[in-house]
Amino acid sequence: MLLERLERIVGPDHVLTGERVSSRAVGWADHGPCRARAIVRPGTTDEVSRVLAACNAAGQPLVTMGGLTGLVRGSVADADEIGLSLERMHRIEAVDVVGRTMTVEAGVPLQRVQEEAEKHGLLYPVDFGARGSAHIGGSVATNAGGNGVIRYGMTRESVLGLEAVLADGTVVPAMNRMLKNNAAYDVKQLFIGTEGTLGVVTRLVLRLREMPRSTQTALVACGGFGAVTQFLKHVDGALGGALSAFELMWNAFYRLVTTPPAKGSPPLSQEHDYYVLVESQGGDPGRDQAQFEDAIAAALEAGLVSDAVVAGSEAQRESLWALRDDVETFFRLGMPVVFDVSLPIAEMEEYVGEVVARLEREWPAYRRFVFGHLGDGNLHVIATGPPSVEARRGIERCVYEPLAARQGSVSAEHGIGLEKLPWLAQCRSPAELALMRRLKQTLDPKGILNPGRVLAG
Ligand code: ZN
């Protein structure tokens, strides 16, 4: 009955059932076929609104689906849930070159946003590996991070306005296009990073920046964690705001991605404790390169850095980034368990020491690797080995428990979804959690939007 009503709203071709659902993959974080009761594909905000109103009246739970590249199983629908896919809403509506904004529908892939900005000499600065599939709407709903955060901030910083639909079908247009707007509450924030639990994001006004005219990249080696943090302060200061990436790799990570069968070869010897991929972007190619090389040379002279290689071409730059992005090599070692924790930079060395020692002791059959976006206080820990639910839960305890004393977070950038639910209370206060529940109760009293995700019951 409900499905027939939904067919009348979006057209019979856009309510998928049976084979048309099970032939679809669940997403990156899970395997096997999609189990949703049906997948509904509205083509307009008005259709989204009517679909939600109908489902809300029927008490039918929905799971919003974007590009399905999330890592916390937030968009994996169960057999009693309907998938709400925004894949037909993929129009780029407008680019305002003077105001530096782009207006889009939520189902546009991230990479198309980046390419459209580039056509106008502009930059959409949020970037991460899943750019080809990830929908812009999903990246906003999850407040995605990535590699440019040290310079441009998380996705939140690149959203000026949005339109969202509440559980009962109410459309909330908040399509602000200005950088400044302090007229009372900034309601768009309710829908950024809340993983679709308070509303469905349907359209967006994105903030664009001027496209940098130069990029400088280097890989440097450091002899101790103190040298790494001093180098971060040194290079950020010396570059006057141009620093755009500061990616740290621990020795074990670097060795793995520069030793066969990995594709990469070591640009610097494998004997150092830490390696940093550092990048800056500016507006004057000749001057920027000289300034960048001077900053690296001064760090070598001061002993902050033990060795360095500066990319001399785009091909060299890409080969340096390929080391940092070599996900394949980890999959070769068995199903990798990937963590995205955050904590104060000053406490990272001790934290990693504690986690690695505990993993060695409790899960010796699993190899562990650490890297991260140091400037953002964000570390990725990867454990590889035989897939096992018990091992996974045990490894989670080793990684998450030592965060508690350091006021760290169990999710720097991937979100909570279903995956991290049991750990949320460790990094948010009881009052914060109570306020989250009040918001959820107010905006979605029947609990139909992504139920059971982010906030338990
Ligand atoms: Zn990351």
Side-chain angles (χ1 to χ4, degrees), residues 1-91 105-109 112 130 132-139 141-142 164-169 195-197 199-202 335 387 389 415 417-419 421 444 446-454 457:
M1 215 105 86
L2 174 66
L3 293 187
E4 282 157 25
R5 272 193 76 188
L6 298 180
E7 278 184 4
R8 282 199 295 279
I9 296 168
V10 298
D13 232 25
H14 301 301
V15 177
L16 315 183
T17 53
E19 166 80 344
R20 291 179 81 195
V21 170
S22 60
S23 63
R24 292 187 164 221
V26 168
W28 286 21
D30 228 318
H31 295 283
C34 181
R35 290 188 311 270
R37 179 183 170 195
I39 292 178
V40 180
R41 303 188 300 173
T44 62
T45 300
D46 180 58
E47 287 181 6
V48 173
S49 161
R50 286 155 63 203
V51 166
L52 290 188
C55 289
N56 193 51
Q60 168 64 51
L62 292 151
V63 174
T64 309
M65 294 175 166
L68 304 179
T69 60
L71 296 170
V72 292
R73 294 169 49 226
S75 49
V76 177
D78 269 329
D80 62 340
E81 294 170 331
I82 286 182
L84 179 71
S85 172
L86 298 192
E87 64 197 28
R88 288 175 63 221
M89 295 183 64
H90 53 69
R91 269 190 334 127
E105 291 183 328
V108 178
R112 263 188 68 212
S133 311
H135 287 187
I136 192 75
S139 75
T142 55
V165 183
L166 304 182
D168 66 2
E195 302 181 46
T197 56
V200 176
V201 175
T202 44
M335 188 63 202
V389 174
L418 280 173
E419 200 58 56
L421 267 182
D444 179 17
K446 291 191 173 180
I448 64 156
L449 294 177
N450 293 0
R453 280 77 171 172
V454 187

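Fair warning: this is a prediction, and the values are worked out from it, not measured in the lab.
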Compare every heavy atom of [Y] with every heavy atom of [X], then report the nearest pair and how far apart it is.
{"X": "A130", "Y": "T69", "result": "CB-CB, 3.7 Å"}
{"X": "V48", "Y": "P42", "result": "CG2-CG, 3.5 Å"}
{"X": "I39", "Y": "C34", "result": "CD1-SG, 4.1 Å"}
{"X": "A36", "Y": "A77", "result": "CB-CB, 3.7 Å"}
{"X": "A57", "Y": "K446", "result": "O-NZ, 3.7 Å"}
{"X": "G132", "Y": "P109", "result": "O-CB, 3.8 Å"}

Indicate yes or no: at least one non-hydrogen side-chain atom of [X] is less than 4.5 angstrom from one of [Y].
{"X": "M89", "Y": "T202", "answer": "yes"}
{"X": "E47", "Y": "R88", "answer": "yes"}
{"X": "P451", "Y": "E81", "answer": "yes"}
{"X": "L16", "Y": "R24", "answer": "yes"}
{"X": "T44", "Y": "R91", "answer": "no"}
{"X": "T197", "Y": "L449", "answer": "no"}
{"X": "L2", "Y": "R37", "answer": "yes"}
{"X": "C55", "Y": "L6", "answer": "yes"}

So, does Q60 use its side chain to make a donor-acceptor pair with the main chain of D80 at under 3.5 Å?
yes
Kindly determine whether D13 and R20 satisfy side chain to side chain contact (heavy atoms under 4.5 Å, CB included), including the steps that lead there.
CA-CA 11 Å; D13 232 25; R20 291 179 81 195; 4.3 Å; yes
Please lay out, stage by stage, how M65 and H135 fare under the test side chain to side chain contact (heavy atoms under 4.5 Å, CB included).
CA-CA 9 Å; M65 294 175 166; H135 287 187; over 6 Å; no
Between L3 and I82, is the side chain to side chain contact (heavy atoms under 4.5 Å, CB included) condition met? List the steps.
CA-CA 10 Å; L3 293 187; I82 286 182; 3.9 Å; yes
Here the gap from L52 atom CG to D444 atom CG, rounded to the nearest 0.5 Å, amounts to 9.5 Å
L418 side, atom CG; R453 side, atom CZ - distance, nearest 0.5 Å
5.0 Å
Indicate yes or no: does R35 engage D78 in a salt bridge with an N to O separation below 4.0 Å.
yes
Sort out for me which residue in V165, I9, L166, D168 forms a side chain to side chain contact (heavy atoms under 4.5 Å, CB included) with S49.
V165
Derivation and outcome, side chain to side chain contact (heavy atoms under 4.5 Å, CB included), residues R112 and I136:
CA-CA 9 Å; R112 263 188 68 212; I136 192 75; over 6 Å; no
